[in-house]
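Here's the structure, in structure tokens; my notes come after.
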Amino acid sequence: MYRTHTCGELRLADAGKQVVLSGWVQRSRKFGKMTFMDLRDRYGLTQLVFSEEDNPQLNELAEKLGREFVVRVEGSVRERTSKNDQLPTGEIEIEVTTLEVLNAAKLPPFTIEDETDGGDDLRMKYRYLDLRRGPVQKNLIFRSKLATETRKYLADEGFIEVETPVLIKSTPEGARDFVVPSRMNPGQFYALPQSPQTFKQLLMVSGLDKYFQLVKCFRDEDLRADRQPEFTQIDCEMSFVTRDDVLATFEGLTKYLFKATLGVELPDFPIMQYDDAMRLYGSDKPDIRFGMTFVELNDVAKGKGFQVFDGAELIVGIKAEGQAGNFSNKDIKNLTEWIKRPQIGAKGLVYVKFEGDGNIKSSVGKFFTEDDLKGWGEKFEAKPGDMLLILSGETDKVRKQLNELRLEMGTRMGLRSKDRFEPLWVVDFPWLEWDEEMEHFHAMHHPFTSPSVDFIPKIMESDEFNILKSAKANAYDLVINGWEIGGGSIRIHDRKLQERCFELLGFTPEAAEAQFGFLMGAFEFGAPPHGGIAFGFDRLCSIMNHADSIRDYIAFPKNNSGRDVMLDAPAPIDEIQMKELAIAVTVEKE
RNA sequence: AGUGCUGUAGCACAAUGGUUGAGUGCACCCGACUGUCUCUCGGGAGGUUGCGGGUUCGAAUCCCGUCAGCACUGCCA
């Protein structure tokens with residue numbers, strides 16, 4: 001027998017028991033004629049004691065054991081003479097009578113401790129050692145708990161989990177597909193799903209009514225701290241529902257998950273129009289933990305002879321409360337440099353300081369009178385001590401830039417508290433987006449998203465650009481603290497509307513039929529109205545725990561360039577394999 | 001594809017805007033210690049400064065290239 005107990009469970013009440021423990025040697029401390037050793041497993045640490053006087057051979061063997069040796073010990077539990085109140089098992093120790101080395105261990109490349117000395121890349125190369133560390137195990141345990149609670153809630157709500165295929169068909173729309181060659185069909189390829197979208201819609205046609213799946217999805221796009229090429233979604237679909245039915249169900253799920261795993265009671269989720277989110281926050285995923293909403297100045301700042309503003313499509317600013325005294329000219333200059341970096345790309349930054357003594361200072365003081373600037377202040381309800389930061393330019397760009405500035409100022413002013421979760425729904429996204437370069441529309445969400453009911457007749461009948469562009473999608477995103485956690489929509493379930501949608505997206509009827517004929521065909525056999533949502537599961541784990549990267553919640557993640565550094569994958573394959581698959585490599589590396 | 005930061009001992013980092021000896025901490029090895037638990041104390045070993053080239057009397061340091069890691073932009077329907 002390898003063990004009667006784990007390394008985390010023995011207490012003072014167990015004193016006197018004969019026990020068997022197995023685990024890894026965390027660290028040993030030689031102290032004169034005694035040796036203390038911490039034995040570790042997933043459940044905790046237990047101290048082992050060896051004494052040269054009681055058992056010289058055993059003590060000598062114990063002294064030889066290095067870090068991470070795997071051992072099995074027999075012995076008796078006894079009360080410690082000096083206790084350790086930092087440790088759950090700190091009141092007891094094991095007086096070892098038998099010590100068996102199950103496996104020796106080389107010295108690990110970094111210390112396997114909660115506060116490791118290893119850097120990220122080294123830890124990823126030896127991820128199996130990194131995963132021995134408490135904080136990393138804690139993350140995976142959290143993830144497991146979140147998955148269990150998700151299944152529990154959705155099962156109680158009557159959802160059934162259905163597995164959908166991983167080898168499917170490539171579609172050119174949207175993200176790049178990972179592709180798998182077919183040996184039995186030379187020259188042909190499967191694709192890995194970016195999401196089980198069409199399958200879950202077909203399950204609705206089948207009458208399964210409420211479907212969910214914790215499912216791996218794949219996208220062959222560049223990575224970020226919050227983006228991996230393979231990731232997990234809580235994928236759901238429901239029949240005979242309106243938007244508000246879906247929102248209610250998944251607001252319920254989100255609240256339940258926060259309560260069950262973190263003990264956090266979330267407030268009710270406000271619903272924000274996409275247009276308002278863009279106008280007030282410059283983002284479709286606003287961080288509403290703090291205000292500092294945008295105020296537009298076109299009506300009061302134009303026509304005064306300041307050419308930058310006069311030529312701008314939009315003049316818009318934020319108010320940094322009480323910051324007039326905190327930003328020197330040098331600070332403002334640095335902030336201006338920051339926002340002019342190519343990643344943000346603003347042309348310049350205008351400030352107005354309403355100083356505590358009533359003076360007004362501004363970078364555009366020579367173009368505007370004090371009354372002008374006071375007028376701006378009124379729009380912001382600025383008080384003495386406040387500072388305005390103003391950008392101008394093309395509407396879309398300037399909103400995006402000011403969004404970055406707002407978030408940066410929020411961070412600097414300590415307004416983005418990690419203790420608070422502020423969820424909201426963003427709704428009524430545009431249905432179509434005009435692509436200037438390609439000169440055609442593409443779906444903002446995806447081509448199966450239904451337009452809002454009011455727009456359906458117009459879309460079916462009109463080809464007028466402005467009507468099409470103004471159409472709203474019956475789509476919704478869940479945003480928490482400025483992170484997009486999930487998104488979904490009410491789907492199209494009518495063949496004619498779906499055909500019209502593909503037509504607007506530039507598909508020929510033949511191309512639409514070739515790619516999505518199976519779905520449109522299904523719609524003709526009694527498809528119910530339906531809609532759904534998908535949550536980014538990895539992302540949900542990381543935001544719930546304030547992690548910087550979703551990698552912390554993925555057992556074996558890929559690095560920045562999509563490589564698994566532990567496996568050293570991807571890698572070339574054998575000539576024989578290539579031949580069998582009827583494929584050839586034409587370029588080694590670009 | 002682009003921009004930025006980083007690369008020095010097993011690990012984390014230091015070394016003036018160029019020259020003398022590339023150091024510190026952790027880990028490791030040896031020794032001392034009967035109540036340690038971040039033990040303590042004494043001693044020791046450990047380096048192609050990512051790689052290639054250039055400038056110079058002299059390069060970890062400056063220049064060019066390259067590779068790798070990270071962050072961001074594009075991209076992610």
Side-chain angles (χ1 to χ4, degrees), chain A residues 26-39 45-54 59 63-64 66-68 78-87 89-91 93 95 106-126 129 171-177 194-195 197 217-229 231 338 341-345 400-401 404 429-433 435 437-438 440-449 473 475 484 487 489 501-502 505-507 536 548-549 551 559-563 565 589-590:
Chain A
Q26 176 71 30
R27 154 186 275 137
S28 64
R29 294 174 293 277
K30 225 183 105 205
F31 194 92
K33 290 174 180 155
M34 305 181 76
T35 304
F36 301 97
M37 188 178 291
D38 293 331
L39 192 66
L45 289 177
T46 298
Q47 176 166 284
L48 313 177
V49 193
F50 303 85
S51 162
E52 195 176 312
E53 285 187 356
D54 297 349
N59 189 53
E63 283 180 10
K64 282 187 196 150
R67 284 170 182 262
E68 302 304 316
R78 75 178 182 205
E79 186 174 2
R80 293 201 199 181
T81 50
S82 65
K83 299 187 169 61
N84 182 349
D85 58 11
Q86 304 293 306
L87 218 56
T89 61
E91 288 191 302
E93 64 195 0
E95 189 179 9
K106 290 207 296 189
L107 193 68
F110 52 89
T111 57
I112 297 175
E113 292 167 2
D114 288 3
E115 297 288 328
T116 184
D117 61 5
D120 286 348
D121 39 349
L122 195 68
R123 286 170 42 211
M124 289 309 153
K125 184 169 178 188
Y126 297 94
L129 296 180
T171 56
E173 278 266 317
R176 294 181 185 88
D177 286 317
Q194 299 172 27
S195 93
Q197 183 61 33
C217 300
F218 306 86
R219 291 180 190 173
D220 186 9
E221 294 294 343
D222 286 5
L223 289 80
R224 290 286 189 282
D226 63 348
R227 258 165 36 193
Q228 285 271 302
F231 59 101
W338 179 82
R341 287 179 314 148
Q343 274 86 346
I344 301 180
K400 209 174 158 191
Q401 292 156 3
E404 298 288 343
F429 285 79
W431 188 51
L432 299 172
E433 266 184 321
D435 189 322
E437 276 180 35
M438 304 293 283
H440 70 74
F441 282 111
H442 65 252
M444 184 145 182
H445 192 57
H446 58 52
F448 315 108
T449 299
E484 184 192 327
S489 61
C501 177
F502 284 130
L505 294 174
F507 283 72
D548 294 329
S549 168
R551 285 170 214 174
N559 79 0
N560 228 7
S561 25
R563 298 197 69 82
V565 293
K589 192 177 179 184
E590 284 190 33

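Order of the sequence lines fixes the chain letters, A, B, ..., with proteins taken first and strands second; residue numbering starts at 1 for each chain. All heavy atoms count here, side chains included; hydrogens, waters and symmetry mates do not.
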Summary of protein contacts for nucleotides 32-41 of chain B, nucleotide by nucleotide, where a base hit scores B, a sugar-phosphate-only hit scores S (4.0 Å, heavy atoms): -BBBBB-B--
Backbone N/O of Pro108(A) and side chain of Glu68(A): donor-acceptor pair under 3.5 Å: no
Lys400(A) vs G74(B): side-chain N/O to OP1/OP2 distance below 4.0 Å: yes
Inter-nucleotide C1' distance (U66(B), G21(B)), Å rounded: 32 Å
Carboxylate-amine/guanidinium proximity below 4.0 Å for Glu113(A) and Arg67(A): yes
Residue-phosphate contact under 4.0 Å: Arg563(A) side-chain N/O, G69(B) OP1/OP2: no
Atom-to-atom span, CG of Asp435(A) to P of G74(B) - whole angstrom: 14 Å
Polar side-chain contact Arg227(A)-C76(B) base: donor and acceptor under 3.5 Å: yes
More than 12 heavy atoms of other groups within 6.0 Å of Arg227(A) CZ: yes
Rounded distance in Å - NE2 (His440(A)) to C1' (A77(B)): 11 Å
Whole-Å gap separating P (A77(B)) and CG (Leu432(A)): 16 Å
Distance test, side-chain N/O of Arg341(A) to OP1/OP2 of C72(B), below 4.0 Å: no
Thr46(A) side chain to Leu39(A) backbone, donor-acceptor under 3.5 Å: no
G69(B) phosphate, OP1 or OP2, under 4.0 Å from Asn560(A) side-chain N/O: no
Check: C76(B) base within 3.5 Å donor-acceptor of Glu221(A) side chain: no
For Arg341(A), all residues meeting salt bridge (charged side-chain N to carboxylate O under 4.0 Å, His left out), sequence neighbours excluded: none
A71(B) phosphate, OP1 or OP2, under 4.0 Å from Arg551(A) side-chain N/O: yes
Whole-Å gap separating C1' (C11(B)) and CZ (Arg67(A)): 11 Å
Nearest-Å distance for atom pair CG/C1', residues Asp220(A) and A77(B): 15 Å
RNA chain B base-pair string [pairs: Watson-Crick or G-U under 3.5 Å; |: paired with another strand]: (((((((..((((.........)))).(((((.......))))).....(((((.......))))))))))))....
Donor-acceptor pair present, Arg224(A) side chain and C70(B) base, under 3.5 Å: no
d(CG, Asp222(A); C1', G74(B)) in whole Å: 9 Å
